[in-house]
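Everything on this sheet refers to the single structure shown next.
Chain letters run A, B, ... following the sequence lines, proteins first and then strands; every chain starts at 1.
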Amino acid sequence: MPSEQAKPIPAPEDRGIHEASRREKLAKIGALGHDPWGQRFDGHSAIAALQGRAGEVKLQLADGRTLDLPDPKADAAFDFRAWLAAQGQGELVGPKVRAAGRIVLLRDAGKLKFANIRDWTGDIQILIGKSQVGDDNWALAQCFDLGDLIGVDGTLRRTKTGELTIFAESLTFLSKSIEPPPDKHHGLSDTEQRQRMRYVDLAYNEGVLERFLKRTKIVQSIRSTLGGEGFVEIEGPTLHSVAGGAAARPFITHHNTLDMQLFMRIALELHLKRLLVGGMERVYELGRVYRNEGISPRHNPEFTMLEVYQAYGDYGSMMDLTEKIIVDAIKATGQPFRLPWGESTIDFTPPFTRATYDELFFEHTGVKADDTAGVKALAETIGFDTAGKHPDVIKSEVFEEKVEDALIGPVFVLDYPASICPLTKRKKSNPALAERFELFVEGMEVANAYTELNDPDLQEQLFRTQLAGQNEEDSMAKMDHDFIRALRHGMPPAGGLGIGIDRLVMLLTNSQTIRDVILFPLLREEGRGARGAGRGDDEA
RNA sequence: GAGGCUGUAGCUCAGUCGGUAGAGCAACGGACUUUUAAUCCGUAGGUCUUGGGUUCGAGUCCCAACAGCCUCACCA
């Protein structure tokens, strides 16, 4: 099947004036005896660390005294130049430093060149003076373009305007960028390009790298919280012979040697529960699941899921754990509990609100949840078809329509109608209710937890009922007989929890679309347009 | 899968009523040893996503395709 991974790179003669000029400089760097693709470069400091050393920059006066500098950034009106002049004869001194990074701004000022370089901790200005760095370094600096990676050795000082600057003494070329960077102020704005060329988005768009590093911190924090609570992380199979544990359509794949149809996993649940049977009393997996469903600002076909199971616990244990996971994650990112969300704010200050399904139903609809006729009437007012539906199903549809969007939260919704949660244990005190909670924030379901069903006969029966209700297309979700066999060996009563990691990261990074927290979200193939080769051949 | 919006220089964007393509940044040449979205002078850069159609004439109007975004559905 013909397919293109990306727009083909044009022939060298067609690549335009920008690349041509960069290639000329590339050649010149080589001619000057430097490696345009660089070598190992040790001993450089993170740029943020250099900014932290600003206090080491001093004014050395002619009379031998050394003065600390005021912070020129503390007051916008402060005139560093005038302050320097007022101190009399002297020169600025500072530590020897080495830094490496990408050139993001470049300015010529006669026999001086200013560049701002960026690493993954921050930006810093460097000053290259012809007479200060010598002819060889100066010739090399003439080959710099925006986007190039360079190393600098020099002293950390301030310019006359007070800007913390590395005064270069020698330069090391680390790598050429053949492509021109996007607009130096606006970066890339086209959503499609930002996602396809995430490397450009990360390198040049403000806050993007920071956001993804924050995601990493959140995930690390979750592992650390769970480890601290005595949970062990495992790695279950991602290729399943039966796609179970959730109601979703799987991706289908195939093993050649075994000649066997396989499904990409849609959930982590069934294997984690097998491990409960095996004696792993506190166990979790944090990993990718795949669902062959539509794409939206809150859905990507592959996403990251956390599932946690605790032997001898119940949904209450999971609720406390959920809150701790989130609170710890916010702390780990160094943020306050009140987080910005678009134009508004989400307050994650613990404890989170806990309310029952029925209470919230009444609060947001004005109809008592046990008023079956009233709920049905309300559903019909909304325009739902209620004919032949179980009262709890009608109630659930109304809840999703009227209540969920109003749950700004964070709020734990407890005790769902049992008939819409067949795989959950019922409350001892009220069998009409299931021991289940979901955590909602900004109308978005972030976590879902149950007191898990461990009766193998009941589980099998419910599987069969569930499968009987599915149409032909979904019937590929077959009974997982081995899972039933596992339960027959005795699974401890347990609490189980699932958290959508991408959605949690969205909330903690003020990202309104899931694609902003997934490095490489799924996109259609590039270059399949009308001019694309092969279009039409593979349509049939 | 359905509907709506969008696609113009490497990037960010203008483009009026249908009349022959514009700016800023980036690039190239020049000036400048403390600039900072540097500034100043000059030069070059276009298959207006693609393919049809209407028209004397289409970036602009119509149809289709492709891609992205939004809403809805499936789903978490």
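- For CD of Gln142(A), the number of neighbouring non-hydrogen atoms (other residues, nucleotides, ligands) closer than 6.0 Å is greater than 12.
- Contact annotation for Gly294(A): base contact, defined as any heavy-atom pair under 4.0 Å involving a base atom.
- Using a 4.0 Å cut-off, some side-chain N or O of Lys184(A) falls inside it from OP1 or OP2 of A38(B).
- Across A27(B), A67(B), U35(B), the shortest atom-to-atom separation from the side chain of Ser21(A) is found for A27(B).
- A donor-acceptor pair under 3.5 Å links the side-chain atoms of Asp148(A) to the main chain of Ser177(A), judged by distance alone.
- In this structure, the CG atom of Asp108(A) is 14 Å from the C1' atom of A26(B), given to the nearest Å.
- Ring orientation note: the planes of Phe78(A) and Trp83(A) are tilted relative to one another, at an angle of 30° to 60°.
- Distances shorter than 4.0 Å separate none of the side-chain N or O atoms of Thr191(A) from OP1 or OP2 on G68(B).
- Within the nucleic acid shown, Glu163(A) comes within 4.0 Å of at least one base atom, counting heavy atoms only.
- For Lys25(A), taking side-chain heavy atoms from C-beta onward, the closest of the listed nucleotides U35(B), C70(B), C28(B) is C28(B).
- Close to U35(B), at under 4.0 Å from its OP1 or OP2, lies a side-chain N or O of Arg81(A).
- Residue Pro297(A) places its side chain closer to C70(B) than to any other of G68(B), C70(B), A37(B).
- For Arg107(A) and C40(B), the shortest distance from a side-chain N or O to OP1 or OP2 is not below 4.0 Å.
- In this structure, the CZ atom of Phe167(A) is 13 Å from the C1' atom of U36(B), given to the nearest Å.
- In a base pair of the Watson-Crick type (N1 to N3 plus N6-O4 or O6-N4) or a G-U wobble (N1-O2 and O6-N3), with each distance short of 3.5 Å, C32(B) is matched with no nucleotide.
- Nucleotide C69(B) is matched to G4(B) when pairs are restricted to Watson-Crick or G-U wobble geometry with both distances under 3.5 angstrom.
- Atom CG of Asp516(A) and atom P of G68(B) are 15 Å apart (whole Å).
- Ion pairing between a basic and an acidic side chain is recognised when a charged N comes within 4.0 Å of a carboxylate O; Arg436(A) and Asp415(A) show no such pairing.
- Using Watson-Crick or G-U wobble geometry with both donor-acceptor distances under 3.5 Å, A64(B) finds its partner in U50(B).
- Checking Leu188(A) against Lys111(A), the closest nucleotide of RNA chain B that is more toward the 5' end is the one next to Leu188(A).
- In this structure, Gln193(A) places its CD atom 14 Å from C1' of U8(B), rounding to the nearest Å.
- Within the shown strands, nothing qualifies as a pairing partner of U16(B) under the Watson-Crick or G-U definition with both distances less than 3.5 Å.
- At whole-Å resolution of the value, CD1 in Ile124(A) and P in U36(B) are 18 Å apart.
- When the nucleotides C70(B), G24(B), A76(B) are ranked by their closest atom to the side chain of Asp183(A), G24(B) comes out on top.
- Taking atom CD1 of residue Ile128(A) and atom P of nucleotide C32(B), one finds them 18 Å apart after rounding to whole Å.
- One donor-acceptor pair, N or O on each side, does fall under 3.5 Å between the base of U35(B) and the side chain of Gln125(A).
- Of the two residues contacting RNA chain B, namely Arg298(A) and Leu523(A), the nearest-nucleotide position lying further toward the 5' end is that of Leu523(A).
- In this structure, Glu206(A) atom CD and C11(B) atom C1' are separated by 17 Å, rounded to whole Å.
- Ring geometry, Phe412(A) versus Phe437(A): the interplanar angle exceeds 60°, so the pair is classed perpendicular (tilted spans 30 to 60°).
- Nearest to the side chain of Arg524(A), among A76(B), A37(B), G68(B), sits G68(B).
- Here the closest heavy-atom approach between residue Asn300(A) and residue Leu522(A) is recorded as OD1-N, 3.4 Å.
- Judged by distance alone, with hydrogens and angles left aside, Ser296(A) brings no side-chain donor or acceptor close enough to the base of U71(B) to form a pair under 3.5 Å.
- Closest to the side chain of Thr161(A), out of U34(B), U12(B), C28(B), is U34(B).
- Salt-bridge formation is not detected for the pair Arg157(A)/Glu91(A): no Lys NZ or Arg NE/NH1/NH2 atom is positioned less than 4.0 Å from an Asp or Glu carboxylate oxygen.
- Evaluation of atom-type donor-acceptor distances gives a pair under 3.5 Å for the side chain of Thr159(A) against the base of U35(B).
- The side chain of Arg291(A) places an N or O atom within less than 4.0 Å of a non-bridging phosphate oxygen (OP1 or OP2) of A76(B).
- Nucleic acid contact class of Tyr204(A) (heavy atoms, under 4.0 Å, all strands): none.
- Lacking a ring centre under 5.5 Å from that of the base six-membered ring together with a plane angle below 30°, Phe114(A) does not count as stacked on A38(B).
- Under a cut-off of 6.0 angstrom, the local environment of NZ in Lys402(A) is sparse, with at most 12 non-hydrogen atoms contributed by other residues, nucleotides or ligands.
- Here the side chain of Thr165(A) is nearest to one of U35(B), G68(B), U34(B), namely U35(B).
- Within the shown strands, G10(B) is the pairing partner of C25(B) under the Watson-Crick or G-U definition, both distances less than 3.5 Å.
- Here C70(B) is the nucleotide among C70(B), G10(B), U34(B) with the atom lying nearest to any side-chain atom of Arg515(A).
- Residue His186(A) contributes atom NE2, which lies 13 Å from atom P of A37(B) at whole-angstrom precision.
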